[in-house]
Each structure stands twice: as C-alpha cells, then as structure tokens.
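Below: the structure, in structure tokens.
One-based numbering, in listed order, for ligands and for the atoms of each.
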Amino acid sequence: MAHSDWEAVIGLEIHVQLATSSKIFSAASAGFGERPNTSVDPVTLGMPGVLPVLNREVVELAMRLGLALGCTIDQSSRFARKHYFYPDLPKGYQISQFAAPICQGGEVRCVVDGEVLSFRLNRIHLEEDAGKNVHDQRNDRSLVDFNRAGVPLVEIVSEPDLRSAAHAVAYMKAVHQVVVALGVSDGNMERGNFRCDANVSVRRRGAKAYGTRTEVKNVNSFRFIGRAVTYEIDRQIGLIEAGGEVTQETRGWDDEAGITRSQRSKEEAYDYRYFPDPDLLPVVIDDAWLASVRATLPELPLDRWRRFQDELGLSAYDADVLTQSVERANYFEQVAKGAGDAKLASNWVTGELMAQLNRDGVALGDSPVAADALTELLGLVTAGTISAKMAKTCFQAMYHKGVSAKDWVAANGGQITDPAVIAEHVDTVIAANPGQVVQYLGGKEKLLGFFVGQVMKATRGKANPGQVNTVVRERLAAQKGDS
Ligand code: ADP
Ligand code: MG
C-alpha cells in the first residue's frame with residue numbers, strides 16, 4: 001500500500017490522576033496499595049442520602065495544569081452525571097464535567113525531529129475514577145475493589161491535530177513531562193495514574209473531511225502508543241484499499257500479539273444521559289485565586305530545554321537529557337552556576353554522575369554526591385588544581401567514600417604544573433628507555449604515548465597531561481638534534 005497517498009489523523013485522550021491525598025468528593029484516602037475496600041466511605045460507595053463535597057486541591061491542580069498549557073479557565077465550571085452500568089461504579093453514574101469543563105483550548109508543545117510543534121487541546125475536565133473489578137479465576141468469580149472509586153482525575157483531550165505515531169509518542173511524553181514537572185500528578189504509569197486512549201482515522205492526502213475513527217483504549221506506555229497507532233493506521237489503510245470500510249468502534253491493544261482488537265462497536269455505544277449534577281454547585285474560581293495559582297507556575301520543561309540551548313550553549317540532545325526531570329534540571333543548574341561552566345557541568349551530570357547512578361540503580365535524589373559537592377569538584381578542575389582525569393578518580397572517592405573534593409586533594413595532592421618538575425620526570429623516563437628513544441627517532445612516532453604514559457605513571461596521574469605531552473615532544477626532538 002502506498003502510504004504517501006494517505007494521511008493519519010489522531011486525537012488523544014489522557015487520564016491523569018491528580019496528586020491529592022484524599023478523594024475528589026470525600027475525605028477517603030486516594031493512596032495506592034491499601035487493602036481492597038479500605039479507602040472507602042459512604043460517599044465513595046454511593047450510599048443513599050450522602051452528599052459530595054468538592055476537594056479544593058483538585059480544582060487548584062486542574063487550574064495549574066490549564067494555566068501552564070495556555071487554556072482558558074472557566075471561572076464557573078460545572079459537574080455532570082455520566083450514567084452507565086458497571087459493577088465498579090457504585091452510584092450508577094460517574095461525576096464528570098461535560099458542557100462546562102474547567103479548562104478549554106490551550107496547546108501542548110513538543111519536539112519532533114528537533115522541531116518544536118504545537119498541538120491544540122480541546123479541553124481538560126475533572127472527573128472521578130471508578131473502582132476496579134478483580135477477576136478471581138481460581139474460584140471463578142469477580143470481586144470489586146472500590147479504593148480507586150472517587151480518586152480525582154483530569155482528562156486531557158486533544159484536537160485531532162496529530163498526524164503520525166511519532167506525533168502521538170512525542171505528545172504523550174510532553175504531557176507526562178508537564179504534569180510531573182507541575183506536581184499535578186506523579187505520572188506513575190504502572191499504577192495507572194497516567195492512561196491514554198488514542199483516536200485514529202485515515203484520509204486520502206488532500207481530503208478535507210475526516211475519516212471514520214476507531215478509539216484504541218488503554219495504550220499506557222510510550223512504547224505501546226507508538227506501536228498501537230502505527231498498527232491501527234496500517235490496518236485502516238489496508239482495509240480501505242481492499243475495498244472495505246472502517247467501522248467506528250472501540251478497540252484494545254494487545255501488545256503480545258502486536259494488534260488491536262475490536263471491543264465494542266458504535267451500535268453498542270452507551271447513551272450516557274448526561275445532566276448537571278444537582279448535588280454540586282458550580283465551581284467558582286475568583287480572580288485572586290486564579291492569579292495566585294498563576295504566580296506559582298514553574299518554567300515548563302520545553303522552555304527550560306530551549307533556555308539551556310540559547311543561554312547556556314548546550315546541545316539540543318544534552319538539554320533534552322537534562323530536562324527529563326525537574327530534579328535533574330535543578331541539579332544541573334545549581335552545578336552550572338556554581339562552577340561557572342555550563343558545558344562542563346552538563347558533561348559531568350549527563351556523563352560521570354548519571355552513568356554511576358544508573359549502574360547502581362540510585363535515584364538522583366539519593367545521590368551520594370550532592371550538587372554542591374560536584375560544584376566544588378568542578379571548581380577545582382576549572383582552577384587547574386586537578387586535571388580532568390584526576391577529577392574522575394576524585395569523583396569515585398567522593399561517591400563511594402563520601403570524602404569532599406577539597407579533602408581528597410589535600411590527601412592526594414593536586415595536579416603537577418611546575419614546568420621544572422615535569423621536565424625532570426620526562427628526562428628520567430627518556431633516560432630509562434633508550435631502546436624506545438631509538439625506535440621513536442627511527443620513525444615510530446606512536447611511542448609518544450608510551451613516554452607520556454610513563455611520566456603519568458611516575459607521577460601517579462598528577463602531572464598535567466597537556467604539559468607532559470609538549471615537554472616529551474620537545475625533549476625527544478632535542479635528542480634527534482643531538483644524534
Ligand atoms: P468522544 O467524547 O465521543 O470520544 P470527541 O469528539 O470528544 O468524542 O473526541 C474524542 C477524541 O477523538 C478527541 O481527542 C478528538 O480529537 C479525537 N477525534 C475526533 N474525531 C477524530 C477523527 N476523525 N480521527 C481521529 N481522532 C478524532
Ligand atoms: Mg472518547
């Protein structure tokens with residue numbers, strides 16, 4: 001099939017669990033991993049006569065996200081009831097937002113192939129999560145755990161602006177990075193705190209109208225979304241080119257089989273009978289509240305990525321690695337400022353430090369070498385007190401033994417830069433290796449490294465390597481003149 005004749009159209013719906021300690025409409029815990037049906041209360045269970053009370057923190061987190069993404073915040077949004085029957089839904093309806101969501105419009109910016117692209121958002125709305133059915137196959141029964149029911153979510157709905165699997169992956173990563181950077185969610189995908197549904201359709205290139213879409217449910221990893229969207233695009237093109245038609249339906253991604261499977265067709269789609277929830281007042285946000293939330297917004301990861309390149313002269317790649325988490329970017333910036341050399345700081349953080357932490361499976365927050373300790377080490381490098389090579393040895397001592405860079409230098413001595421001392425070592429090495437001198441003078445210039453290595457060995461790595469190199473060359477050249 002000629003893919004160039006076709007264009008994919010993709011819109012993503014991402015559910016993000018908000019980082020609150022209690023639920024959206026009650027004081028029950030929103031924590032994870034508690035015993036089934038212990039984080040529940042009458043509101044969670046939908047007991048008759050109980051009333052929901054909106055958690056203020058939930059509204060604040062949604063505002064924070066909306067403001068950061070350039071959405072219009074509705075200062076009087078409303079909750080609605082979305083009706084459907086399922087055992088994990090105790091009330092028989094989910095409280096969500098429908099006609100008046102808290103955030104409208106806005107955009108998600110992300111980098112695709114080095115280029116910054118912007119994808120429009122349709123809306124971000126608040127809703128409660130449902131419980132969870134647990135299928136106990138051994139005893140041939142299903143159990144329901146309501147711990148998750150009433151946990152606060154935002155649903156982030158994009159416009160159908162994405163045009164490829166690469167767009168979908170980049171968009172999902174960008175949203176994840178933003179919600180985590182803002183502290184809106186922990187973004188933990190294994191726990192289901194960040195879940196994505198992908199709407200996919202295809203149309204002939206140049207066509208104005210959208211094709212019929214399918215919705216692929218629960219593509220909950222960056223790898224899955226790439227694979228699922230690619231598969232679905234190929235499937236739809238294949239289907240149409242073979243004379244068939246795409247059916248509007250819900251599909252599921254089976255990663256093991258590498259395919260999507262039909263789950264529910266449009267004919268079986270629910271009529272949710274949405275209507276405004278009479279138990280909840282409109283969510284009124286006054287200007288002062290809006291302004292106070294706006295005032296606490298941090299720099300977004302993408303802006304930081306740009307600034308690291310424009311102001312600090314880092315490569316796009318290094319800036320990307322460093323802005324993967326707020327913690328990492330903060331660590332780097334502290335070191336870069338303190339050491340007065342951003343490139344050096346970047347090399348050390350993305351190189352030596354991250355390699356060591358990855359080897360040991362240690363998080364940056366638990367690094368035995370804190371930012372101020374690394375700053376001190378790099379200060380000694382830029383001052384010429386120790387060479388880059390010595391700094392690596394020193395770093396190992398700092399990391400494994402907890403010594404400071406200054407103490408290490410006091411105990412081991414700094415770099416030897418005195419020309420007279422270096423010359424003495426070079427002369428000793430040359431005198432001790434007459435055979436190699438003859439070979440070198442006979443044209444085996446590779447032996448230069450041997451002489452430099454011997455001097456470094458004799459000085460236990462402390463001689464300034466650049467100086468040693470120069471002096472070895474000079475002294476050997478002088479030997480040539482002599483012979
Ligand atoms: P619903 O709420 O019924 O799922 P929406 O119109 O709210 O429908 O759209 C849900 C998502 O589907 C949005 O992210 C939107 O961008 C996307 N979408 C809508 N039409 C298409 C289409 N033809 N192809 C791909 N995605 C689409
Ligand atoms: Mg949908």
Side-chain angles (χ1 to χ4, degrees), residues 6-16 65-66 69 71 74 77 79-84 93-108 110 117-127 130 153-172 174-176 194-220 225-226 228-237 239-240 245-253 260 262-275:
W6 293 93
E7 180 177 64
V9 173
I10 303 149
L12 300 187
E13 295 165 280
I14 298 181
H15 284 91
V16 179
L65 179 60
L69 295 178
C71 306
D74 186 336
S77 69
F79 283 102
R81 293 184 178 180
K82 176 178 179 178
H83 299 81
Y84 63 95
Y93 60 87
Q94 176 194 25
I95 305 178
S96 182
Q97 293 190 308
F98 185 60
I102 185 163
C103 310
Q104 293 191 48
E107 57 166 359
V108 170
C110 50
L117 301 181
S118 163
F119 298 110
R120 288 173 306 151
L121 288 176
N122 174 283
R123 60 199 259 143
I124 301 175
H125 65 252
L126 284 166
E127 62 187 30
L153 306 176
V154 279
E155 178 171 348
I156 305 167
V157 184
S158 84
E159 291 291 351
D161 278 0
L162 299 91
R163 293 289 175 268
S164 65
H167 283 180
V169 174
Y171 172 94
M172 187 171 163
V175 172
H176 187 264
F194 189 91
R195 330 195 274 261
C196 185
D197 301 333
N199 296 271
V200 181
S201 67
V202 297
R203 62 182 171 188
R204 299 235 177 234
R205 205 165 280 283
K208 284 242 156 53
Y210 291 139
T212 303
R213 76 178 139 125
T214 59
E215 180 170 359
V216 188
K217 286 283 189 193
N218 290 320
V219 259
N220 295 334
I225 185 115
V229 169
T230 302
Y231 174 86
E232 195 51 25
I233 294 170
D234 289 348
R235 187 186 72 86
Q236 293 184 12
I237 294 173
L239 200 60
I240 301 169
E245 259 178 29
V246 175
T247 318
Q248 184 169 345
E249 62 184 354
T250 303
R251 300 178 70 86
W253 171 243
T260 62
S262 177
Q263 290 182 333
R264 192 167 77 214
S265 73
K266 194 185 177 187
E267 286 71 42
E268 304 159 66
Y270 298 117
D271 171 6
Y272 293 122
R273 295 178 290 122
Y274 278 103
F275 66 77

Study note, to complete from the structure: dist I237:CD1 -> E7:CD (nearest 0.5 Å) comes out at 10.5 Å

Check your understanding: Roughly how far apart are N199 CG and R213 CZ, rounded to 0.5 Å?
Key -> 4.5 Å

Report yes if [X] has an N/O atom closer than 3.5 Å to an N/O atom of ligand 1; otherwise report no.
{"X": "V200", "answer": "no"}
{"X": "Y210", "answer": "no"}
{"X": "V157", "answer": "no"}

Check your understanding: Under the criterion side chain to side chain contact (heavy atoms under 4.5 Å, CB included), which of S158, C71, S118 is the partner of E107?
Key ->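 The option that passes is S118.
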
Should you measure from each heavy atom of [X], which atoms of ligand 1 turn up under 4.0 Å away?
{"X": "G211", "value": "23 (N)"}
{"X": "V9", "value": "24 (N), 25 (C)"}
{"X": "S158", "value": "13 (C), 14 (O), 15 (C), 16 (O)"}

Check your understanding: Are the side chains of L65 and I156 in touch, meaning some heavy atoms are under 4.5 Å apart?
Key ->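 In short, these two side chains touch, coming nearer than 4.5 Å.
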
Check your understanding: Hey, does Y210 have a side-chain heavy atom less than 4.5 Å from the side chain of R203?
Key ->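 With C-beta onward as the side chain, the pair touches.
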
Review point. Evaluating non-hydrogen atoms only, which member of R120, R213, R123, R203 is closest to atom 4 (O) of ligand 1?
Key: R213

Check your understanding: For V157, does its backbone N or O pair with a side-chain atom of N122 as donor and acceptor, under 3.5 Å?
Key ->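 Pair absent, no side-chain N/O of N122 close to backbone of V157.
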
Exercise for review: Kindly say whether P101 contributes a backbone atom to a donor-acceptor pair with the side chain of R123 at under 3.5 angstrom?
Suggested key: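 No, because the side chain of R123 does not come within donor-acceptor range (under 3.5 Å) of the backbone of P101.
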
Check your understanding: Where on E159 is there a heavy atom closer than 4.0 Å to ligand 1, on the side chain, on the backbone, on both, or on neither?
Key ->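 Just the backbone.
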
Check your understanding: Quick one: does ligand 1 sit under 4.0 Å from the side chain of L12, the backbone, both or neither, non-hydrogen atoms only?
Key -> backbone

